[in-house]
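For the numbers below, each heavy atom of this structure counts, side chains included, while hydrogens, waters and symmetry mates do not. Just so it is clear: chains get the letters A, B, ... in the order the sequence lines come, proteins before strands, and each one is counted from 1.
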Amino acid sequence: MTPATLYGLCAAALVAIGLFGLILHPSPLRKVISFNLVGSGTFLFFGVAARRGAVAGFLGDPVPQAMVITGIVVAFAATALAVALLLRMLESGAPTVDGPPEQPDDLSP
Amino acid sequence: MSLAVDLVMVLLILTAAVWTILARDRRDAVIAFIVLGLLLSLVWMRLLAVDVALTEAAVGGGATGLVLLRACARLLPVEADGALPGLRLQVAVGVLCAVVGACLAAVILSPPEPAPSLAPAVAAHMEDVGLKNPVTVVLLAYRALDTLLEKVVLVLGLIGVWALAPDLFWGGRPASLRAAVPSGTLTFLARVLPPIGVLIGIYLVWNGADHPGGTFQGGTVLAAMWLLVMMADLGDPPETRALRLRRLVAVGPALFIAVGLAGFGMADGFLSYPPGYAKPIIVAVEVALALSIAVILGLMVAGPAAKEPDQ
Amino acid sequence: MAASGRSTTRAAVPGTVVRFLLFLLLWGILIGPAPANLVAGLPAAALACWVSLWLLPPFGQTLSLSALLAVLVRLPGQSLIAGLDVARRALSPAMPLRPGIVAYRTDIPPGLERDAFRALMSLQPGTLPVGEDADGALLIHCLDVDQPVTHQLALEEARFRRGTGKGSHG
Amino acid sequence: MSLLLDLFTIVAVSGGLFFFLAGTVGLLRFPDTLTRLHALTKADNLGLGLIVLGLLPQCPDIVSALKLVAIWALVQLGGATASQLIAEFARRGGGER
């Protein structure tokens, strides 16, 4: 077995673990974290494909590598948006298992 | 022997992942996720993808972890938020997820032969552009449209975050990032480190043309320095309505689009570079993009406006 | 921390140049000596210098470079002693630990100078600053409170203050 | 000469690994957060220092050697401040949950 194959199996396990948390966790924040796990597993898949595509003197196929870089940044943007949405939802009193947020000290003018 | 190292890495990663899901306390889950991000960046080194390793460490573990930790601090401590529903449901979902995982594993174990690769196409492109880092060539020349759209996604994401501010606060400052209790140690770090970080951020951008590094990695380092200064209370988050700030957000994508449109007149079409001038144009676009990424990432961590704008 | 305004500006000009050159040196270390890289290196060092001047305005006191260097040169040796000390305690079956917090009264005024001293102390053998009490004394966590910690710290403080120019300055 | 340098590298890097091991043992054995912080910062700082020292003769040129030293210095700064931040947090009872 090559290291790339081993990490491919690890990627499959990461996706499965993340999916488990995404479906079962009642708390929205934990769902966001689980979703990021699924994302990490998917990126690792691309990494394995890139490593296998090492031809023409390259250490890896640069196209999937560039896509993963793009993907990591987009995943960050999605996470930041989701967290902001979640905090706003709790501030406006939506009932969730996370309970109401603490009022930030500097909210009042 | 070398496979043993990989095996240990995989076991550590899976432990961190399981802990992320099973931890009772949400802060423990976030910390496990940050650890996972750092381990994954080591894996990217093992897969010889240094550019991705840098991005994973800076954005995947670092910036994402910071956003999640801030969210934890803003939520009331709840004892058992890791409580999963009943055992029967857990088993059912567990089986479902195991099946999905097994299918993916089967794909990994029966790969297509020969392995598909676009590397030769990129190699052909590299000579036209004159850059030595293939990943940068893909990001800014071979598949530049993807990168441009991703910048647009970043700007839209920031607008989305800002749009979540209550109407009263629109255009005001985000909630302060300062630590709950002021710490001389943090202030010391925030006074000494940022100049060095700025230099390293610029180095990553400049070096990215020919070596691992680039706009994302450098921009994230710059954003981290800005956030450190704000956390140590040496500077407030800026008003989100400030025109200068909004120009910084837009300068990278705008220059990228302008260069792309100029390609119609001066080269073969959208986002193609005139022969001979590709490298200086790409470096200019990269500098502008790094600046915009730094500002966007910092503002995304800071969150929507939480104060009324000054009169 | 800053003395009178006039002496600050007079000391600031060479200080700024020194900082700029240090950042340029760091740039050279990062990217190598190729002159083509100076195109980015000069503005980068200038920007870093500007950030540094903003966050860390020049102090109105003269630093004694030789004395500061003496403090820095001692760091690797102290790192060795500190590491050996921890390794001995961690690996010995009896695990000889007498942990506790010692209050240490320092003459270094609060601010950057004290923070720098605290950072330095955290690299010393057996000591870890954990905060300050209400009177402004430093709280130091020690692995072994039987060691003459306070005496040791007083020696370090004297060395440190020679570097920051307070020894002669008053 | 090069054999001597290689030997130096092997000895120094092995020493560095030993201190990383000792720091980890301390992390697992020491009784509370503050003592564990001692184990981590002191032993790992020395471990990294020895590894950097051992790798210096293997550098192809002076610039890469200086780069290694710069990395060591940055980690010292990071370790010195991060350990204090965690210590302050732990002393305020943040560690007990």
Side-chain angles (χ1 to χ4, degrees), chain B residues 54 130 132-133 179-215 217-218 221-236 279-280 282-284 286-288 290-291 294, chain C residues 1 15-16 18-32 34 36-59 106 108-123 128-133 136 138-140:
Chain B
L54 287 170
K132 293 199 207 77
N133 179 356
V181 182
S183 159
T185 314
L186 192 62
T187 317
F188 174 70
L189 191 67
R191 284 183 190 281
V192 175
L193 193 62
I196 302 171
V198 165
L199 204 68
I200 291 176
I202 298 173
Y203 157 75
L204 281 173
V205 177
W206 179 254
N207 210 24
D210 296 333
H211 302 282
T215 51
Q217 298 90 340
V221 172
L222 294 178
M225 293 305 119
W226 188 32
L227 288 167
L228 179 61
V229 168
M230 290 197 282
M231 281 178 191
D233 211 16
L234 296 171
D236 262 337
K279 187 169 180 182
I282 287 179
V283 169
E286 283 206 285
V287 169
L291 206 59
Chain C
M1 173 165 302
T16 309
V18 169
R19 283 190 205 196
F20 177 76
L21 290 177
L22 281 177
F23 288 126
L24 203 58
L25 178 72
L26 180 59
W27 176 266
I29 290 174
L30 284 173
I31 207 159
N37 291 320
L38 279 182
V39 179
L42 288 173
L47 188 64
C49 190
W50 178 74
V51 172
S52 155
L53 287 172
W54 165 49
L55 292 170
L56 201 65
F59 345 103
T106 170
I108 300 178
L112 184 79
E113 211 181 328
R114 186 183 285 193
D115 295 335
F117 180 60
R118 280 176 55 174
L120 210 57
M121 272 196 293
S122 77
L123 300 174
L128 181 69
V130 295
E132 298 180 15
D133 69 8
L138 293 178
L139 298 176
I140 314 280

[X] versus [Y], closest heavy-atom pair with distance:
X	Y	result
B:Ala190	C:Leu55	O-CD1, 3.3 Å
B:Asn133	B:Gly213	ND2-O, 3.8 Å
B:Thr215	B:Glu286	CG2-O, 3.2 Å
B:Pro195	C:Phe23	CB-CZ, 3.4 Å
C:Cys49	C:Arg19	SG-CB, 4.1 Å

- Query: Of all residues at least two apart in sequence or in a different chain, which pass the side-chain hydrogen bond (donor to acceptor under 3.5 Å, both in side chains) check with B:Gln217?
  - Reply: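 So B:Gln217 forms a side-chain hydrogen bond (donor to acceptor under 3.5 Å, both in side chains) with B:Thr55.
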- Task: Go through the structure and list residues passing side-chain hydrogen bond (donor to acceptor under 3.5 Å, both in side chains) with B:Asp233, not counting sequence neighbours.
- Result: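 Applying side-chain hydrogen bond (donor to acceptor under 3.5 Å, both in side chains) to B:Asp233 gives B:Arg178.
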- Query: With a 4.5 angstrom heavy-atom cut-off, which part of C:Trp54 approaches chain B: side chain, backbone, both or neither?
  - Reply: side chain
- Part of C:Ala44 within contact of chain B (heavy atom distance under 4.5 Å): both
- Query: Nearest 0.5 Å, what's the CG-CG distance between B:Leu189 and C:Asp115?
  - Reply: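 It comes to 10.5 Å.
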- Task: Start with the C-alpha distance between C:Trp50 and B:Val198, add both sets of side-chain angles, then the distance that settles side chain to side chain contact (heavy atoms under 4.5 Å, CB included), and finish with yes or no.
- Result: CA-CA 10 Å; C:Trp50 178 74; B:Val198 165; over 6 Å; no
- Looking only at heavy atoms, which of residues 200-209 of chain B get nearer than 4.5 Å to chain C?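 Answer by number: B:Ile200, B:Ile202, B:Tyr203, B:Trp206, B:Asn207.
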- Task: Name, in order of residue number, those residues of residues 224-232 of chain B that have a heavy atom at a distance of less than 4.5 Å from a heavy atom in chain C; otherwise write 'none'.
- Result: B:Val229
- Query: Between C:Leu22 and C:Val18, is any pair of side-chain heavy atoms under 4.5 Å apart?
  - Reply: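 Touching, per the 4.5 Å side-chain cut-off.
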- Query: Side chains of C:Arg118 and C:Ile108: does their closest heavy-atom pair fall under 4.5 Å?
  - Reply: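 No - every pair of side-chain heavy atoms lies 4.5 Å or more apart.
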- Message: I need the residue from C:Leu30, C:Val51, C:Leu26 with the largest number of non-hydrogen atom pairs under 4.5 Å to chain B.
- Response: C:Leu30
